[in-house]
Amino acid sequence: MEKIYLLIVLAPLFGAIIAGFFGGKIGRAGAHWVASAGVGLSTLLSIYVLSRFISGEAEVYNETVYTWMISDGIRMEIGFLVDQLTALMICVVTFVSFCVHIYTIGYIADDEHNWPKESLAGRNSYQRFFSYISLFTFSMLMLVMANNFMQLFFGWEAVGLVSYLLIGFWSVRETAIFANMKAFLVNRVGDFGFILGIAALAMYFNSLDYAEVFAAAPAHADTQISILGDTSWSLMSVICILLFIGAMGKSAQVPLHVWLPDSMEGPTPISALIHAATMVTAGIFMVARMSPLYELSETALSFVLIIGATTAFFTGLIGIVQNDIKRVVAYSTLSQLGYMMVALGVSAYAAGIFHLMTHAFFKALLFLAAGSVIIGMHHDQDIRNMGGIRKYMPWTYWTSLVGSLALIGFPGFSGFFSKDAIIEAVHHSQIAGSSYAYYAVLIGVFVTALYSFRMFFLVFHGEGPRDEHAKEHLHESPKVVWIPLVFLAIPSVVIGYMTMDPILFGDWFKGVLHVLPEHDTLAALGEGIHGPNSMIAHGFMGPALYLALAGVFVAWFVYMKKPSLAHEIKTRFDFVYLILDKKYYFDELYQFLFAGGSRGIGKLLWNVGDKGIIDELIINGSARTVGRFADLARNVQSGYLFHYAMAMIVGLLLLLTWFVIF
Amino acid sequence: MPFEMSSLIPVLPEIFILTAASVILVVDLFLKDSQRVISYGMTQVSLLLAIGIVLLTDSGARQIIFDGSVVRDSMSDVLKIAVLLISAGAFLYSKDYLRDRALFKGEYYVLGLFAVLGMMVMISANSFLTIYLGLELLSLALYALVAFNRESVSGAEAAMKYFVLGALASGMLLYGISMIYGGTGSIEFSAVAEGLANPNANKMVLVFGLVFVVIGMAFKFGAVPFHMWVPDVYHGAPTSVTLFLGSTPKIAAFALAMRMLVDGLGTLHADWQGMLVILAILSMAVGNVIAIAQSNIKRMLAYSTISHVGFILLGILAGTDKGYTAAMFYSIVYAVMALGAFGIVILLSRGGFEADKLADYKGLNERSPWFAGMMLLLMFSMAGVPPTVGFFAKMFVLEAVVSVDMTWLALVGVFFSIIGAYYYLRIVKLMYFDKPEDQSELTAGLDTKIVLSVNGLAMLVFGLFPSSILTVCAIAIAQ
């Protein structure tokens, strides 16, 4: 099996290297073939691995493949841990990635238009794009298959790097550069917490290996440490919260969510792959993987829960007032990531991962469908300019409908099972903050339905596009674009129904995710539910379904039936509208406080510290000193033999007096 | 004591190299100038066969033969294989260079083989007399090699200086040995060690002798202040000789230090540790700082050698198995790095053009991205940038020094390697960011190109798998 696992990871890397370094030689077709073939191979092998786990043939694999170094007993290694959780994740990652590879062939076909003529960066941009997405797939696989914290960190940073490169892919656009810098900086904040968490683990457990840390963790459940002065902190809470800060950056949780909407500056396939389906869920995956640690700290779980609930509700609200098609989907992603975090907070790790999986399919679908619309609209992304596109793009229309229904949790669609499980799990939880979270996620359902169908109606129904010119050219996207949509639509419908029982209530994650009996909200929920049909029946009894339907209705009424109403609400509640439109002023605040503040400090340090002390005194000063000394000492090397012999004799006398006489 | 043929088996590799050198000497007499490649081929085959013989005659145990004059243990095996292999590489790189300059003669290889033999004798020495024998054999061969280009004035001058200073150093070494003999009554290492353990031994005389012995060793290493010959000789000798001189003898010098100081004078550790501290700090300081002021790459690498010697000494002076292992690792890695770096110098040079100015490296990336990449790896490795093997070499040495509570010394080492990073990175900057002044194609043969690529990539590969060599060194030292 080890060879298969290695192949899964290395095939995309191979594709990335070939497409990246030899892009000019192999040409466009060569690049997309080699990249897609690498990821395709990984997909097939991942499905094979998953099928072996489903049939029960496979055993959990936890081995080291390469030891980089051992320092003070801490082993720095590359190793794979492949269990049910990993198998599920690699399937999701490779499958979505494969669909995106195919889709990209159509999406980026005429990328030359996006670059100024003769631009150096625009040369071979097509091949570079494929190289990046394959590299991303490799990094993400390294992350999810890691069996130790060092490799986790490697994958974590590598996906962050590729995300940075891809957000700023069109590097000639100023907005893209701003967005990728923002993503990078915000993630720095999160990663700072993350690496501190790993450092704390290494310090107290003296190991970076998952299995060793998890085995030793219960012994530290009551350990108290002091960080500043005499205050006493629970070790596990500190570690878990630090790690979670990393997850907040990567999975865009409030207040580190600000980078994700801006990341929409990148090409749409990237938004689907990285900023919806896979990378942003790395935080969710990480917390679920660390469940043995999080279970030991209720403080950390409450923290996760409250942050998640806040993200789920408040970012959803912003989605209602957005007019850029991709930004609506982006805020929806933020909100759904909040749902997943909520699930983790109430120890329903399985529900979190389940939602991660269903969300990966339907959100990738929605993004790619949005991309297809954008292609049709010639890169106009404003939904107010759209409308009536249903007639022109039937495939895009129907798949979008599937995606939207899955997103709002319409009974039977995949999103229904995962979202309902989360809401019900929160309902059963007793942990601090759970009642707040319950109302947040419940009302969130209404909000989700409202923004999803607002966008859906505005884009596909009603009067045709405003611009007559755009209307003339509107037609369905090429096959390479809509076939991946169909690929993704199928699991968006059925995957929930098929896998709900084993994942949520069965023993698929047994021995993988650790839940203490007193936290086990899913077990409490599972008592009343037997199979997916009973879950659907149960859904009709709860408020969530009716809230979703109400959301759809309100969207239809306000934006289709009486469009004047929308305008009236906007003017009547312009205060609320303004706050939402300004996204609660997070950007302004950060821009002023952190960006402005750091620039101020930076300027000060630059003038005094850098220019004065470092440049003048230390760098130039020491360089001058060394240089002068070197010139001087060089003269000692006179070339005269007797000088050389003299130096030896002096050395001899020096050593003699020093060691013999004293 | 009756003489037994079986006692010759452990020294079979040395006997083989001696025979090979003599045979090549005779064969070469009957070759025409166009047939010199036969001498070259025979030399390479002999070196490779010798490696095979070392491996075959390895008994796994520590054997002492010839009345305690010669020792064969796993450290000697590992070092000998390293010496033979790296010498083979050095001869391979120099072939085209010599041919272009009408220096492609049989004597070159015969002298080279005698130098190799001298190193092997040093590596296996178990008494002061044997070690002196090996040292002189090596030195005499090297003196002649430095002056190999008889038309070159600078070559002759360098050889003269090397010879005179070498004689002075040998004299000091012999004087030191006589003092030790006077103090302990023996020149055989284990007997010397026993004699030193005797509480009645005259400490004053012994330390007096020790100073002279350390100086003899420091001269061979090229440690400051006994380093003055190094830049002149590296600069004056033909590049092919510099290549040979700059690589394998460092391994032999390491063996010299291990045999004399550790096997023989181990009980005086407290005394020689202090001396090596001084030599190490001076070497790192002078080597790194003066290298900055050089505009000739051969001279620059000469000073770089001096600084690396400082690091090797750090490992030895730690006085623990960990330190010896680190120093052994360092000296082998250094020999390979130096081989590669001078290999690049040879690669760039051609008939009438030496490529020994730093300016000759400008824009190498545009002329040959692949070999610019190799040089990049070599320079990174010398500077100690991870993940190249040079980083681990430095790290293991520093770790050993820290583990004997001499953290301050490790800090000094780090401080000077930071200064040293400047001149290695300057080469990288010249190669990648400057415009080439010279657009001619690289003309080296395919064999050189392949081996040089392997040489460069080894920096990376062993950096990713440092434990492969380290384990071998640790086992060798533990015996």
Side-chain angles (χ1 to χ4, degrees), chain A residues 10 17 21-22 24-25 64-78 150-151 154 614 618-662, chain B residues 157 160-165 168-169 172 203-212 214-215 218-219 223-232 235 268 271-272 274-275 278-279 282 285-286 288-294 299 302-303 386-387 391-392 395 399 419 422-423 463-467 470:
Chain A
L10 295 179
I17 290 174
F21 286 128
F22 306 101
K25 294 209 177 71
T64 299
V65 288
Y66 161 66
T67 303
W68 185 42
M69 62 171 160
I70 302 170
S71 176
D72 253 357
I74 295 182
R75 307 171 68 85
M76 309 237 170
E77 296 175 324
I78 303 276
M150 198 202 69
Q151 189 182 339
F154 166 80
I614 297 181
I618 301 180
I619 306 281
N620 291 339
S622 65
R624 265 200 300 272
T625 316
V626 170
R628 266 189 212 137
F629 180 68
D631 278 338
L632 196 72
R634 211 178 154 187
N635 294 332
V636 176
Q637 193 78 24
S638 57
Y640 291 119
L641 191 53
F642 53 89
H643 284 170
Y644 294 5
M646 185 68 193
M648 287 175 71
I649 303 293
V650 170
L652 168 73
L653 290 176
L654 190 97
L655 288 182
L656 270 184
T657 44
W658 195 317
F659 289 97
V660 179
I661 300 179
F662 297 109
Chain B
E157 183 192 330
M160 200 61 210
K161 284 178 187 164
Y162 190 20
F163 178 66
V164 172
L165 295 176
L168 184 61
M172 289 184 184
K203 187 88 191 298
M204 178 84 163
V205 172
L206 288 171
V207 175
F208 191 75
L210 176 68
V211 170
F212 284 91
V214 167
I215 288 173
F219 178 84
V224 178
F226 310 98
H227 68 289
M228 306 291 255
W229 61 276
V230 178
D232 288 12
H235 186 189
L268 294 177
D271 295 286
W272 56 256
M275 300 177 203
I278 296 174
L279 295 177
L282 283 176
V286 170
N288 279 320
V289 171
I290 302 191
I292 291 177
Q294 303 305 318
R299 278 191 102 82
Y303 283 106
F391 166 74
F392 288 97
M395 195 185 80
E399 217 173 60
I419 294 185
Y422 167 76
Y423 57 87
L464 295 175
F465 303 92
S467 49
L470 189 70

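Just so we're on the same page: letters track the sequence lines, and every chain starts at 1. Because only heavy atoms are used, hydrogens play no part in the values below, and waters and symmetry mates are left out as well, while side chains stay in.
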Quick one: what part of B:Y303 sits under 4.5 Å from any heavy atom of chain A, side chain, backbone, both or neither?
side chain
Measuring heavy-atom distances to chain A, does B:V289 have an atom under 4.5 Å in its side chain, in its backbone, in both, or in neither?
both
Using side-chain heavy atoms (C-beta onward) and a distance below 4.5 Å, is B:D232 in contact with A:Y644?
yes
Which atoms of B:A218 are under 4.5 Å from chain A, going by heavy atoms: the side chain, the backbone, both sets, or neither?
neither
Interatomic distance, CG@A:L656 vs CE@B:M275, rounded to 0.5 Å, equals 8.0 Å
Are there over 12 heavy-atom neighbours, none belonging to B:M395, within less than 6.0 Å of that residue's CE?
yes
Pairwise distance CE(B:M228) to CG(A:L641) - rounded to 0.5 angstrom:
10.5 Å
Between CD1 on residue B:I215 and CE on residue A:M648, distance to nearest 0.5 Å:
7.5 Å
Would you say B:F465 and A:T67 make side-chain contact, with heavy atoms under 4.5 Å?
no
Would you say B:F163 has more than 12 foreign heavy atoms packed within less than 6.0 Å of its CZ?
no
Shortest non-hydrogen contact from A:L652 toward B:F212
CD1-CE2, 3.6 Å
Give a yes or no on whether A:Y66 atom OH has more than 12 heavy-atom contacts from other residues, nucleotides or ligands under 6.0 Å away.
yes
Against chain A, label B:I278 side chain, backbone, both or neither, depending on which of its atoms sit under 4.5 Å from a heavy atom there.
side chain
Where on B:L464 is there a heavy atom nearer than 4.5 Å to chain A: the side chain, the backbone, both, or neither?
both
Where is the tightest heavy-atom contact between A:A645 and B:L168, given as atom of each residue plus distance?
CB-CD2, 4.1 Å
